[in-house]
Q: 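Have a look at this one.
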Amino acid sequence: MINDFNYLKPDTLKEALAMYAEHDDCKVICGGQSLLIVMRQGMISPEYLLDIKHVTELDYIKFDKKDGLRIGATTTHREIEKFNVIKKNYPVLVSMENKLASIQVRNWGTIGGNLAHADPAGDPAPVLIALKANIRVGGAEGDRTILLEDFFVNYFETALNKGELVLEVHVPPPEPKMGAAYQKFNLLESDMGIVAAAASVTLNDKGKCKDARIVLGNAGATPKRIKRAEELLIGKAYDENLFAEAGKIASEDCEPVADIHASEEHRRHLLGVLTKRMLKKAWEKARS
Amino acid sequence: MFIGRDIDRIDVLDKVLGKPIFAYDLKVEGMLFGCIYRSKRPHALIKKIDIQDALSLNGIVKVITHADIPGENAFGAIKKDQFYLAGDKVRYIGEPILIILGESEKIVRKALNSIKVEYEDIEAIYDPFSSRDSTTLIHDTGNLLSYRTVIKGDFEQGFNESDVVVEHTYKTTWLDHAFMETESGIGYMDETGKIVICSSTQNVHYKRKEISKLLALPEDRIRVIQATTGGGFGGKLDMTVEGYIALSVYLTKRPVVMRFTREESFLSNTKRHPLYIEYKTGAKKDGSINAVKVNIIGDTGAYISYGETVCLRAAIHATGPYEVPHVFVESRMFYTNNHISGAMRGFGIPQVAFAHESQIDEVALLLNMDPLEVRMKNGLRRGSLTATSQLLTNSAGFLETLKKIEPFWKARKKQGLHTGFGLGCMYYGIGNTGVSNPSSCYLTFTDEGKIAFHSGVCEIGQGSDTALLQILLETLNVEERDVVLLRGDTDTSNDAGSSSASRQTYVSGRAVYDAALKMRKYLKSKGYYDCETLRGVCLLAKEEGLPVFEGFFDPPTSPVDSKTSQGIPYATYAFATHMTEIDVDKATGFCKVKKVHASHDVGKAINLKNVKGQIYGGIAMGVGLALMEEFVPSKTESFDSYYIPTSMDMPDVEIFIVEDEEPTGPFGAKGLGEPALIPQAASIVNAIKDAVGVRAFELPCHIERLKALIESEKDKWVE
């Protein structure tokens with residue numbers, strides 16, 4: 001049962017930030033697809049809910065070839081999924097969104113809410129980190145931009161200071177000869193991933209690896225980069241054994257926790273398999 | 001013509017528009033909210049119950065204990081062994097001890113936390129084997145609930161004559177019904193002093209009887225109404241909220257509502273029986289099955305519920321849809337301190353089908369025969385004797401279901417590296433086992449000049465309202481607009497028995513047909529089929545004091561022999577064959593169910609769309625049984641920790657209907673509800689074997705189990 005709360009409904013960002021600064025024990029709600037679950041389970045019972053659904057200033061998607069992609073925090077998953085420019089320039093984002101829960105959830109859930117909730121099983125974070133995204137956050141005192149990979153601190157914990165909201169996600173412009181891939185492993189089509197892996201590969205003129213990122217989901221307290229495997233790839237040519245080796249490193253370096261859905265051992269194994277497969281897929285996309 | 005037509009369900013438009021009021025949504029002015037305080041121990045004596053802190057909370061109206069019960073503190077569908085509220089002893093985690101009533105749900109749930117119970121623990125028993133060997137008794141009668149045997153021919157001789165023998169042990173686990181609507185209902189006292197209960201249920205007359213005993217009131221002082229019900233699958237056959245609501249209304253004289261949370265539902269509802277099945281099959285070189293020996297051990301949990309039924313039904317169906325000359329089956333059901341296992345779609349047969357279908361594939365493998373050919377050779381048909389030596393004289397379309405699948409089986413082609421195809425077959429006795437299970441109904445006229453159809457059949461989403469109405473319309477040759485359906489209310493209907501055992505279309509359908517024939521005769525006598533209007537006939541009927549036309553049917557069965565179970569346990573059987581195509585990802589252990597060809601002998605499809613709907617649902621449930629669903633006591637709390645397939649996980653399904661008409665059924669119909677599920681898991685397990693060469697002996701064969709099986713066989717692989 002959801003406990004009673006006071007409902008705050010700002011119309012502008014300025015108003016929202018002022019209200020947020022003013023009220024202690026206040027949670028931000030927009031789509032409510034993550035927050036309402038934990039409230040219903042009685043895990044949290046905030047005194048105030050700040051509903052930013054009507055703060056239209058944060059509902060936008062902008063793309064510029066030089067600047068890259070900017071997505072406002074209250075943009076829904078469904079909007080991202082259906083945005084043609086994203087489909088063309090960042091296809092991995094669309095394929096990730098396609099598999100995020102169900103259409104009903106994507107119609108309500110927002111990108112800002114998803115990231116701020118900081119569930120290590122969340123889908124967007126590993127993909128965005130693989131694409132080297134930044135996140136802009138701000139409070140009544142002003143805003144700041146940080147690397148998305150530095151945004152996640154612990155299970156359901158972020159680098160947001162008191163009174164700060166997620167404002168925008170920024171993805172750098174797509175590089176030539178860059179490919180990215182993401183897959184979560186789930187038993188049910190619309191479920192959260194038991195584990196997930198995102199990879200991006202950028203090739204040089206000789207077709208060798210210039211840069212690579214491997215980011216795992218639900219493999220620890222936060223989305224986890226496997227830097228040891230990334231370094232292994234630099235300067236190398238396409239080689240399936242190399243991907244297998246990277247997968248092995250990923251299963252060693254990840255820190256998954258066992259629960260009723262899968263043992264730690266099986267999660268490590270799955271993360272290795274997914275890493276291998278996503279690297280191969282990303283590389284092949286980068287080549288084409 | 002109404003029979004066999006693809007007409008829409010009569011409730012479909014309202015349901016998609018969100019109009020029906022489900023039990024969970026019911027409200028009455030001034031109602032109290034009721035919650036159940038449950039045992040936190042698996043096996044313990046209750047030493048002391050302190051309710052003072054709860055009572056002192058503002059808004060708490062009453063806390064009810066076993067001592068407040070005016071009548072019998074006992075209920076049970078088969079035997080009255082279960083307590084509404086525990087007195088001195090608890091036997092499982094979740095057993096009800098108190099009812100807390102208050103002005104709001106919030107205050108009542110808060111009060112739950114301020115109850116203090118002192119227990120003295122007793123050794124708890126968590127599996128049937130420990131139960132068998134333990135000196136700790138869960139009930140005074142001993143830990144063995146039920147022991148049944150099926151003996152036909154001479155199994156020793158049968159094995160001596162066999163050329164090959166296959167012997168394996170199969171294991172299944174607890175499953176939750178996972179109906180969409182959790183257990184809920186309301187109750188109030190009407191202006192005449194009658195206690196009215198309106199709940200989410202699969203039966204109304206049974207519940208009225210139980211409440212009458214509980215409150216020591218005559219049945220005519222109690223009225224049970226079925227609210228629109230969001231699924232049952234066997235989980236709403238037993239008393240869920242009804243007794244507690246009735247007791248609360250009786251003691252407080254106020255309206256009362258109860259709604260279980262999903263967590264309460266998982267904790268308190270009955271589960272599918274976990275069965276341990278030792279199975280030995282002997283076959284001759286030509287593929288004929290000559291002998292079957294089965295030993296079934298089941299865990300019924302702390303109380304009986306439908307444990308005895310499952311024990312016997314599993315034994316009777318253990319050979320599957322095959323004619324076996326020598327049969328020896330033992331089936332035992334033990335008490336444990338686990339959750340109560342009860343009725344769940346198939347009453348134990350999805351579990352035994354997993355075993356007999358695995359066995360028959362192994363026999364085929366050993367003899368280097370096609371699995372479909374072995375099934376065809378042994379399949380029950382007209383003139384066959386079942387394991388209980390029942391002679392099948394009518395409606396035995398098993399071979400036809402195989403023939404429908406045969407061209408697809410022969411044309412099967414593996415698309416991927418680890419694609420597999422598997423067959424699963426089943427037969428299932430329609431109605432209750434070897435006991436009378438009648439249905440009755442009545443027809444009369446309304447003041448508005450329509451036909452009033454009084455039905456006690458609970459519509460739980462399976463489509464019985466529509467099927468029964470089609471039978472009525474066809475028999476009377478009237479239109480849907482001419483009939484008013486009054487359903488699921490003990491005040492306006494006769495007992496039709498429960499919506500269980502796939503029996504309503506067959507048993508109640510025949511009762512409706514019986515009533516309709518009588519009314520048809522009356523309509524004819526009044527000239528309806530010549531020139532008189534229905535309104536005109538109604539006026540004449542009114543003058544005659546509104547005649548009532550009663551319908552009745554009790555399937556012709558006989559009790560089975562207590563030692564050998566030989567006899568006629570069911571009047572008719574349904575048959576089916578499923579063929580399933582899967583893909584296995586060897587690296588991860590993930591099994592994707594891609595396509596199912598399902599063929600069912602339903603006798604007669606009263607409503608083709610509904611028949612298909614049942615089969616789709618059965619397949620979804622079978623996918624869960626085979627690959628995902630597993631209730632782990634003390635760990636599974638809600639859907640967060642219980643996987644169940646969603647619509648997005650459904651394979652493609654192609655359906656083939658066989659109509660070998662059953663002469664005792666309405667227009668030849670039999671039942672389908674449970675058969676739709678039964679062969680599915682078995683066909684998946686056989687497909688896994690085909691795909692990656694490993695056989696699952698334990699369900700669910702979830703990713704980690706499958707991965708481990710693949711690993712254990714790795715050395716034998718040739719890629």
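This one's a predicted model, so the numbers in the text were calculated from it and none came from an experiment. So that the names make sense, note that chain A is the first sequence line, chain B the second, and so on, each numbered from 1.
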Q: Would you say B:Lys106 has more than 12 foreign heavy atoms packed within less than 6.0 Å of its NZ?
A: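 Atom NZ in B:Lys106 is packed in, count exceeds 12.
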Q: For atom CD of A:Glu264, decide whether the heavy atoms of other residues, nucleotides or ligands shown that lie under 6.0 angstrom number more than 12.
A: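 Yes, CD of A:Glu264 has more than 12 neighbouring heavy atoms, counting only those of other groups under 6.0 Å.
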Q: So how far is it from B:Ile703 CD1 to A:Ile194 CD1, rounded to the nearest 0.5 Å?
A: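 The distance works out to 4.5 Å.
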Q: Using 30° and 60° as the class boundaries, would you call the ring planes of A:Phe185 and B:Phe590 parallel, tilted or perpendicular?
A: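 Correct class here is perpendicular.
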Q: For A:Arg40, look at atom CZ and say whether over 12 heavy atoms of other residues, nucleotides or ligands are found less than 6.0 Å away.
A: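 Count not over threshold, so no.
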Q: Would you name the heavy atoms of B:Thr588 and A:Arg277 that are closest together and state the gap between them?
A: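 For B:Thr588 versus A:Arg277, the nearest heavy atoms are CG2-NH1, 4.1 Å.
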Q: What option among A:Asp4, A:Asp259, A:Ile37 has the most heavy-atom pairs under 4.5 Å with chain B?
A: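 Result: the option with the highest number of such pairs is A:Asp4.
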Q: Can you tell me how far CD of B:Glu704 sits from CZ of A:Arg267, rounded to the nearest 0.5 angstrom?
A: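 A:Arg267 CZ to B:Glu704 CD: 8.5 Å, rounded to 0.5 Å.
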Q: Under 4.5 Å from any heavy atom of chain B, what part of A:Leu270 do you find: side chain, backbone, both or neither?
A: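 For A:Leu270, side-chain heavy atoms alone lie under 4.5 Å from chain B.
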Q: What part of B:Glu105 lies closer than 4.5 angstrom to a heavy atom of chain A: side chain, backbone, both or neither?
A: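 Both backbone and side chain.
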Q: Does any part of the side chain of B:Met628, heavy atoms only, come nearer than 4.5 Å to the side chain of A:Leu188, both counted from C-beta?
A: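 Yes - at least one pair of side-chain heavy atoms lies under 4.5 Å apart.
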Q: If you count every heavy atom of other residues, nucleotides or ligands that lies below 6.0 Å from B:Lys110 atom NZ, does the total exceed 12?
A: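 No.
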Q: For A:Ile260, is it the side chain, the backbone, both or neither that has a heavy atom under 4.5 Å from a heavy atom of chain B?
A: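 Contact with chain B is through the side chain of A:Ile260 alone.
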Q: Count the heavy atoms of every other residue, nucleotide or ligand shown that sit under 6.0 Å from NZ of B:Lys635, and state whether that count exceeds 12.
A: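 No.
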Q: Which of the residues A:His266, A:Glu265, A:Glu189 is involved in the greatest number of heavy-atom pairs with chain B at under 4.5 angstrom?
A: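 If we count pairs closer than 4.5 Å to chain B, A:His266 comes out on top.
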Q: Does any heavy atom of chain B fall under 4.5 Å from the side chain of A:His269, the backbone, both, or neither of them?
A: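 Side chain of A:His269 only, per the 4.5 Å heavy-atom cut-off to chain B.
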Q: Under 4.5 Å heavy-atom distance to chain A, tell me which part of B:Lys707 shows up: side chain, backbone, both or neither.
A: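 Answer is side chain: those atoms of B:Lys707 sit under 4.5 Å from chain A.
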Q: Taking all non-hydrogen atoms of both residues, which atom of A:Ala101 and which atom of B:Met648 are closest, and how far apart?
A: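 What the structure gives for the nearest pair is O-CE, 4.3 Å.
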Q: Can you confirm whether B:Lys15 is buried at NZ, in the sense that more than 12 heavy atoms of other residues, nucleotides or ligands lie under 6.0 Å from that atom?
A: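 Enclosed: over 12 neighbouring heavy atoms sit under 6.0 Å from NZ of B:Lys15.
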Q: With sequence neighbours left out, what residues match B:Ala178 under side chain to side chain contact (heavy atoms under 4.5 Å, CB included)?
A: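 Here the qualifying residues are B:Asp176, B:Phe639, B:Ile644.
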Q: Mind checking salt bridge (Lys or Arg N to Asp or Glu O under 4.0 Å) for B:Glu630 and listing every partner two or more places apart, or none if nothing turns up?
A: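 For B:Glu630, the residues satisfying salt bridge (Lys or Arg N to Asp or Glu O under 4.0 Å) (neighbours in sequence not counted) are B:Arg705.
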Q: Tell me whether the count of non-hydrogen atoms from other residues, nucleotides or ligands lying under 6.0 Å of NZ in A:Lys53 goes above 12.
A: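 Atom NZ in A:Lys53 is packed in, count exceeds 12.
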